[in-house]
Amino acid sequence: MTDAFQAYINMVTGVTKTTQARAAATARAVLKQTGLEDAATEASERVTKLAEEIMNASRTNRELLQHFVTTEVEKAATRLGFARAEDLEALRDEIASLRRQVSEATARAGRAAATQKTARQASTKKTAATKKTAATKKSATAKSPARRPARKKSASAES
């Protein structure tokens, strides 16, 4: 195969990225090899049209090739168990949200426990003060001489 046809095939299949000037040069080379160079100079519009067709075909085929390769790579990655970057980022966001929720719940539980502890301590102090007051009253009552029963004198002590 000649160089002009090889360049034409490469451009049309989308293997290489094509510019307008490069497509026009390839179209002229193809026309020259087929012996239609003289007709091409007379019909520059045809060359321009052919160059545009080459560019459109090249772009379309390159996009199709990229889509095909991307699809195959994604299938292979899925088969191998690789995670997509978007999925991984979504999971990271969800983990961060869950961590915030756990942190907030832990803080709320800590505040509630501190409030309960303070209430228990206040209740314990109040109960202890009440018990102390009751014990003080009880001991004061027990020491009172008016309430003691009188002792009986024994008969042997009288003699």
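Everything numeric here is computed off the predicted structure, so don't read it as measured data. Just so it is clear, the values below take in all heavy atoms, side chains as well, and ignore hydrogens, waters and symmetry mates.
- Between the CD atom of E63 and the CD atom of Q66 there is a distance of 7.0 Å, given to the nearest 0.5 Å.
- With hydrogens and angles ignored, the 3.5 Å screen pairs no side-chain donor or acceptor of D87 with any backbone N or O of A83.
- Using a 4.0 Å cut-off between a side-chain N of Lys or Arg and a carboxylate O of Asp or Glu, K75 and E72 qualify as a salt bridge.
- Partners of E74 under the side chain to side chain contact (heavy atoms under 4.5 Å, CB included) rule, at least two apart in sequence or in another chain, are T70, R84.
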Could you give the side-chain donor-acceptor pairs of residues 91-116 under 3.5 Å, partners two or more places apart or in another chain?
{"residue": "T106", "atom": "OG1", "partner": "V102", "partner atom": "O", "Å": "2.7"}
{"residue": "T115", "atom": "OG1", "partner": "R111", "partner atom": "O", "Å": "2.8"}

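- Atoms OG1 and CE, from T60 and M55 in turn, are 11.0 Å apart once rounded to the nearest 0.5 Å.
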